[in-house]
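By convention in this document, chain letters (A, B, ...) are assigned in the order of the sequence lines, proteins followed by strands, and residues within each chain are numbered from 1.
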Amino acid sequence: MPSPPTTEQELLERCRAIAGLSVAELAAQLDVAVPANLRQHKGWLGELVEKALGADAAGRSEPDFRALGIELKTLPLNAQGKVQESTWVCTVPLRAASGLRWEDSCVYHKLRHVLWLPVEAAADIPLSDRHIGNALLWRADAQQLAALQADWEELMEAVALGQFESLDARHGEVLQIRPKAAHSRVLVYAIGPAGEPMQTLPRGFYLRVGFTNALLQAHYA
DNA sequence: AGGTGATCATCC
DNA sequence: GGATGATCACCT
């Protein structure tokens with residue numbers, strides 16, 4: 001089990017070392033069994049690469065590489081090499097929403113510095129045979145940051161007004177709000193339109209595939 | 001109770 | 001075919 005990388009250089013070297021490996025090969029190196037599919041193990045691959053690269057924040061609300069302040073995200077690619085799923089960012093604050101500034105938001109902090117790791121994910125490739133891609137260590141540029149901030153401010157304005165029930169995944173250009181829970185009966189406390197405590201489905205911020213595809217393409221094109 | 005890692009299943 | 005809403009497993 002690798003210890004946490006101490007420099008970006010070291011982290012990138014580890015990425016190079018696993019690039020091109022199949023999931024079966026990487027799992028074997030770590031002495032981990034590969035499940036038949038991801039249906040009941042949705043986060044398995046993300047956790048495998050965390051382990052492979054020496055992420056040390058396992059399960060904590062901190063960057064995956066704590067010393068470096070870097071977040072790790074896998075990007076599932078389809079047969080055309082395009083990102084095929086949205087990317088989970090963080091929970092939407094449904095209670096302390098008013099007065100929250102972009103610079104203090106979880107979205108801003110999570111996306112400050114991200115190590116994107118593309119992985120083959122087309123449904124017709126058995127999990128074991130999927131290959132790890134070339135990692136991209138990324139910082140949002142001014143344009144990306146502005147797009148994220150604009151969406152965040154628009155979405156959070158509705159949340160702060162307690163209008164989250166009228167928000168759905170169609171709002172937001174690059175960032176969207178969707179349910180994030182074990183199932184649709186889970187409830188969390190929130191502050192409603194009249195400032196009253198209420199309960200609602202937990203929501204999360206997700207990056208649309210258009211955003212992640214664009215940042216991959218900008219780098220690999 | 002709510003965070004981490006996400007993909008699944010269905011509808012348009 | 002792509003996006004939305006639902007769901008899975010495990011952790012702190």
Side-chain angles (χ1 to χ4, degrees), chain A residues 4 23 26-27 30 32-66 70-97 105-107 109-111 114-127 130 132-133 151 155 159 164-191 197-214:
Chain A
V23 166
L26 183 57
L30 297 168
V32 169
V34 182
N37 57 63
L38 295 176
R39 188 172 176 186
Q40 291 177 301
H41 305 273
K42 295 183 179 182
W44 180 83
L45 188 47
E47 288 163 4
L48 184 74
V49 298
E50 280 186 355
K51 202 171 291 186
L53 297 175
D56 56 340
R60 278 174 264 247
S61 24
E62 299 179 57
D64 294 295
F65 302 100
R66 284 190 284 177
I70 294 172
E71 180 73 18
L72 172 64
K73 290 288 182 193
T74 58
L75 288 176
L77 303 186
N78 63 19
Q80 289 73 43
K82 295 290 189 179
V83 177
Q84 64 178 15
E85 292 280 359
S86 56
T87 302
W88 152 253
V89 181
C90 59
T91 301
V92 177
L94 296 173
R95 283 178 291 181
S105 71
C106 65
V107 177
H109 286 282
K110 282 271 180 179
L111 299 181
V114 180
L115 181 71
W116 301 104
L117 187 59
V119 177
E120 282 184 335
D124 60 350
I125 308 176
L127 177 56
R130 298 179 186 179
I132 309 297
D151 279 352
L155 293 167
V159 172
F164 38 79
E165 302 287 17
S166 58
L167 276 182
D168 63 32
R170 285 165 291 209
H171 295 82
E173 298 271 331
V174 297
L175 194 63
Q176 63 181 175
I177 287 182
R178 302 220 308 276
K180 165 67 170 170
H183 50 78
S184 58
R185 302 173 305 282
V186 174
L187 295 174
V188 293
Y189 288 99
I191 302 299
M198 57 173 292
Q199 289 191 300
T200 188
L201 190 60
R203 321 294 165 95
F205 286 110
Y206 293 80
L207 292 175
R208 293 184 181 278
V209 296
F211 185 85
T212 43
N213 268 320

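- With rounding to whole Å, A:Arg203 atom CZ is found 13 Å from C:dA6 atom C1'.
- A straight line from CG of A:Leu48 to C1' of B:dA6 spans 14 Å, rounded to a whole angstrom.
- Atom CD1 in A:Ile177 sits about 12 Å away from atom P in C:dG5, given to the nearest Å.
- Residue A:Gly46 is in sugar-phosphate contact alone, with no base atom involved, counting any heavy-atom pair closer than 4.0 Å across all strands shown.
- Between the C1' atom of B:dG5 and the OH atom of A:Tyr206 lies a distance of 11 Å, rounded to the nearest Å.
- Put simply, the side chain of A:Tyr206 does not reach to within 4.5 Å of the side chain of A:Leu175, judged on heavy atoms.
- When rounded to the nearest whole Å, the span between CG of A:Leu201 and P of C:dG5 equals 11 Å.
- Across all strands, A:Pro202 comes closer than 4.0 Å to no nucleic acid atom at all (heavy-atom distances).
- The CD atom of A:Glu71 sits 14 Å away from the P atom of B:dG3 (whole-angstrom rounding).
- Note on A:Arg95: only backbone sugar-phosphate atoms sit closer than 4.0 angstrom, heavy atoms only; bases stay farther off.
- The phosphate of B:dA6 (OP1 or OP2) has no side-chain N or O of A:Trp88 nearer than 4.0 angstrom.
- Checking side-chain atoms of A:Lys180 against main-chain N and O of A:Trp88 turns up no donor-acceptor pair under 3.5 Å.
- For A:Leu187 and C:dA6, the CG to P distance is 12 Å, given to the nearest whole Å.
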What pairs of nitrogen or oxygen atoms, one from the protein and one from nucleotides 9-12 of chain C, lie under 3.5 Å apart?
residue: C:dA9; atom: OP1; partner: A:Gln40; partner atom: NE2; Å: 3.2

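- Using a cutoff of 4.0 Å between basic side-chain nitrogens and carboxylate oxygens, A:Glu165 and A:Arg203 are scored as salt-bridged.
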List every contact pair, protein side and nucleotides 2-4 of chain C side both N or O, where the distance is under 3.5 Å.
residue: C:dT4; atom: OP1; partner: A:Ala169; partner atom: O; Å: 3.1
residue: C:dT4; atom: OP2; partner: A:Gln176; partner atom: NE2; Å: 2.8
residue: C:dT4; atom: OP2; partner: A:Arg208; partner atom: NH1; Å: 3.0

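- Residue A:Ser184 has a polar side-chain atom (N or O) positioned under 4.0 Å from OP1 or OP2 of C:dT7.
- Place A:Leu38 and A:Ser61 on DNA chain B by their nearest nucleotides, and A:Ser61 ends up nearer the 5' end.
- A distance of 9.0 Å separates CZ in A:Arg95 from OH in A:Tyr189, rounded to the nearest 0.5 Å.
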Determine all donor-acceptor pairs shorter than 3.5 Å in which one atom belongs to a side chain in residues 77-84 of chain A; sequence neighbours excluded.
residue: A:Asn78; atom: OD1; partner: A:Gln80; partner atom: N; Å: 2.9
residue: A:Asn78; atom: OD1; partner: A:Gly81; partner atom: N; Å: 3.1
residue: A:Asn78; atom: OD1; partner: A:Lys82; partner atom: N; Å: 2.9
residue: A:Gln84; atom: NE2; partner: A:Ala121; partner atom: O; Å: 2.9

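- A:Gln80 comes within contact range of no nucleotide atom at all, as no heavy-atom separation falls under 4.0 Å.
- In this structure, A:Lys110 reaches the B:dT4 phosphate: one of its side-chain N or O atoms is under 4.0 Å from OP1 or OP2.
- Not one N or O on the side chain of A:Asp151 forms a donor-acceptor pair closer than 3.5 Å with the backbone of A:Gly172.
- Between A:His183 atom NE2 and B:dA1 atom P there is a gap of 12 Å when expressed in whole angstrom units.
- Remark: the backbone N or O of A:Ile125 is paired with a side-chain donor or acceptor of A:Arg130 at under 3.5 angstrom.
- The minimum heavy-atom distance between A:Leu167 and A:Leu155, with the atom names listed, is CD1-O, 3.8 Å.
- Residues A:Arg208 and A:Thr87 have side chains that never bring a donor and an acceptor to within less than 3.5 angstrom of each other.
- In this structure the side chain of A:Pro4 never reaches within 4.5 angstrom of the side chain of A:Arg66, judged on heavy atoms.
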